[in-house]
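Worksheet: the structure to be examined is printed underneath.
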Amino acid sequence: MNLFQNAKFFTTVNHLKDLPDTPAEIAFVGRSNAGKSSAINTLTNHVRLAYVSKTPGRTQHINFFELSGGSFMVDLPGYGYAQVPEAVRAHWVKLLGDYLQTRRQLVGLVLIMDARHPLKALDIQMLDFFHITGRPVHILLSKADKLSKNDQIKTLGAVKKALKPYMERQAVSVQLFSSLKKQGIEEVNQVVGGWFTAHQAELESMQPASSSETEAL
Ligand SMILES: Nc1nc2c(ncn2[C@@H]2O[C@H](COP(=O)(O)OP(=O)(O)O)[C@@H](O)[C@H]2O)c(=O)[nH]1
Ligand SMILES: [Mg+2]
C-alpha cells in the first residue's frame with residue numbers, strides 16, 4: 001500500500017505553539033534545494049502538493065499533510081540557505097531543533113540530502129538534534145539521477161560508512177532516491193510504514209489493562 005498516495009494538505013504553522021494535535025507524524029527535513037518538496041510531491045503522486053521553489057530559502061513555515069491512515073507528514077523549513085540574515089537563520093535552527101526534540105508524536109525523521117553533496121555540517125546537526133529522541137532517521141540521497149549507476153552505488157556505500165558512528169547510537173538508514181526517475185518510492189513506503197506500525201504497537205503495549213483484567217487481579 002502506498003502510505004502517501006492520498007495525502008491532503010492540512011495546515012501551515014509558523015510557531016511551535018500552533019502545532020496541531022495529531023496522533024502520529026513523520027517529518028521531512030533537509031538543506032534548502034536538496035529536493036525535499038520534489039520528494040514529497042513524488043511520494044504523494046501530486047504535481048505540486050509541496051511547492052518546488054525556484055527561490056531557495058523561501059519556505060519558512062511548517063506544513064502538515066494528512067495521510068490516508070490518519071497519520072501526518074510534516075514538511076519542515078529547509079536550512080542552510082546562505083543568503084538569509086543571521087537572526088532569521090537562528091530562528092529556523094531553533095524552531096527545527098525544538099520541534100525535533102520535543103514533538104512526542106514524531107515517530108521518525110526523513111532527512112533529504114542531495115546525493116552529490118551529502119552529510120553537510122547542518123545535516124549532521126539535524127542528526128545530533130534528533131538522536132536524543134531515540135527515534136529513527138531515514139536518509140534519502142536525492143537527485144540520484146544526476147549520478148551514474150556506478151557513482152550512486154559508491155555514494156551510498158560512502159555515506160553508510162560515514163554514518164557508522166551514528167548508527168551505533170540511533171537507528172539510521174539510507175537509500176538512493178530520484179524524483180525525476182521515480183526511484184526509491186517503494187523503499188520509503190516500507191521504512192516509514194514500519195515506523196507507524198511500530199509506533200502503533202508501542203501505544204498498544206502502553207494501554208492500561210482492561211477493566212475485566214483488572215477485576216480478575
Ligand atoms: N534531476 C533532478 N532534479 C531534482 C530532483 N528533485 C529535485 N530536483 C530539482 O532541485 C531543485 C530543488 O528542488 P526542491 O524540491 O524545490 O528542493 P527543496 O528546497 O529541498 O524543497 C529544483 O530545481 C528541482 O527541480 C530529482 O530527483 N532529480
Ligand atoms: Mg521546498
Side-chain angles (χ1 to χ4, degrees), residues 2 4-5 7-14 25-67 72-85 88-89 91-93 95-97 99-100 108-127 129-130 137-156 159 173-189 191-192:
N2 186 337
F4 300 99
Q5 194 67 58
K8 283 197 270 309
F9 175 77
F10 186 70
T11 191
T12 294
V13 301
N14 289 302
E25 63 202 36
I26 52 155
F28 282 66
V29 75
R31 289 174 63 83
S32 179
N33 210 41
K36 176 169 57 72
S37 301
S38 301
I40 289 173
N41 290 335
T42 298
L43 288 166
T44 57
N45 202 20
H46 275 261
V47 177
R48 48 173 297 164
L49 189 64
Y51 180 56
V52 176
S53 180
K54 293 222 185 310
T55 329
R58 284 283 297 277
T59 33
Q60 301 169 22
H61 29 250
I62 300 180
N63 288 316
F64 279 76
F65 303 92
E66 189 170 6
L67 304 177
F72 287 77
M73 167 172 66
V74 183
D75 184 8
L76 294 170
Y79 50 82
Y81 180 56
Q83 282 157 45
V84 167
V88 176
R89 189 200 315 273
H91 172 77
W92 291 0
V93 172
L95 187 71
L96 282 172
Y99 169 84
L100 294 176
L109 181 66
V110 178
L111 175 54
I112 322 291
M113 299 181 198
D114 189 321
R116 298 164 301 168
H117 317 285
L119 295 172
K120 295 282 188 190
L122 285 168
D123 299 325
I124 300 292
Q125 196 174 333
M126 287 302 131
L127 287 173
F129 271 141
F130 197 58
V137 178
H138 188 56
I139 296 173
L140 306 189
L141 298 173
S142 65
K143 310 189 194 179
D145 57 275
K146 297 218 183 216
L147 297 177
S148 67
K149 263 275 170 270
N150 203 24
D151 284 345
Q152 290 185 23
I153 292 161
K154 272 197 207 156
T155 299
L156 184 63
V159 170
S173 47
V174 51
Q175 69 161 92
L176 294 159
F177 190 85
S178 164
S179 291
L180 190 71
K181 300 283 181 190
K182 307 211 177 301
Q183 172 188 354
I185 297 174
E186 188 55 41
E187 199 174 344
V188 183
N189 267 278
V191 172
V192 172

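Note that ligands are numbered from 1 as they come in the structure, with each ligand's atoms numbered from 1 the same way.
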(message) Within 2.8 Å of the Mg ion (ligand 2), is there any N, O or S atom belonging to Asn33?
(response) no

Heavy-atom contacts with [X] under 4.0 Å: which atoms of ligand 1 show up? List them by number with element.
X	value
Ser37	15 (O), 18 (P), 21 (O)
Lys36	15 (O), 17 (O), 18 (P), 20 (O), 21 (O)
Arg31	20 (O)
Ser178	27 (O)
Gly35	7 (C), 13 (O), 14 (P), 15 (O), 17 (O), 18 (P), 20 (O)

Nearest heavy-atom approach of Asp114 to Ser142 is CA-OG, 3.4 Å

Per side-chain contact (heavy atoms from CB on, under 4.5 Å), Phe4 is matched among Leu67, Asn45, Thr42 by Leu67

Exactly one of Leu156, Val110, Leu109, Val174 clears side-chain contact (heavy atoms from CB on, under 4.5 Å) with Ile139, and that residue is Val174

_Would the distance check show the side chain of Ser179 and the main-chain N or O of Ser38 forming a donor-acceptor pair, the cut-off being under 3.5 Å?_
yes

Main-chain N/O of Gln5 paired with Thr44 side-chain donor or acceptor, under 3.5 Å: no

> Is Asp75 salt-bridged to Lys36, cutoff N-O under 4.0 Å?
Replying inline: yes

May I ask you to check whether [X] has an N/O atom sitting below 3.5 Å from an N/O atom of ligand 1?
X	value
Ser32	no
Ala39	no
Phe177	no

Give every donor-acceptor pair under 3.5 Å between a side-chain atom in residues 118-125 and any protein atom, sequence neighbours left out.
residue: Asp123; atom: OD1; partner: Tyr79; partner atom: OH; Å: 2.7
residue: Asp123; atom: OD2; partner: Lys120; partner atom: N; Å: 2.9

Separation between CD1 (Ile62) and CG (Leu96), nearest 0.5 Å, reads 7.0 Å

Less than 4.0 Å is my threshold; does some heavy atom of Ser142 fall inside it relative to ligand 1? no

Short version for Leu180: what comes under 4.0 Å of ligand 1, heavy atoms counted, is both

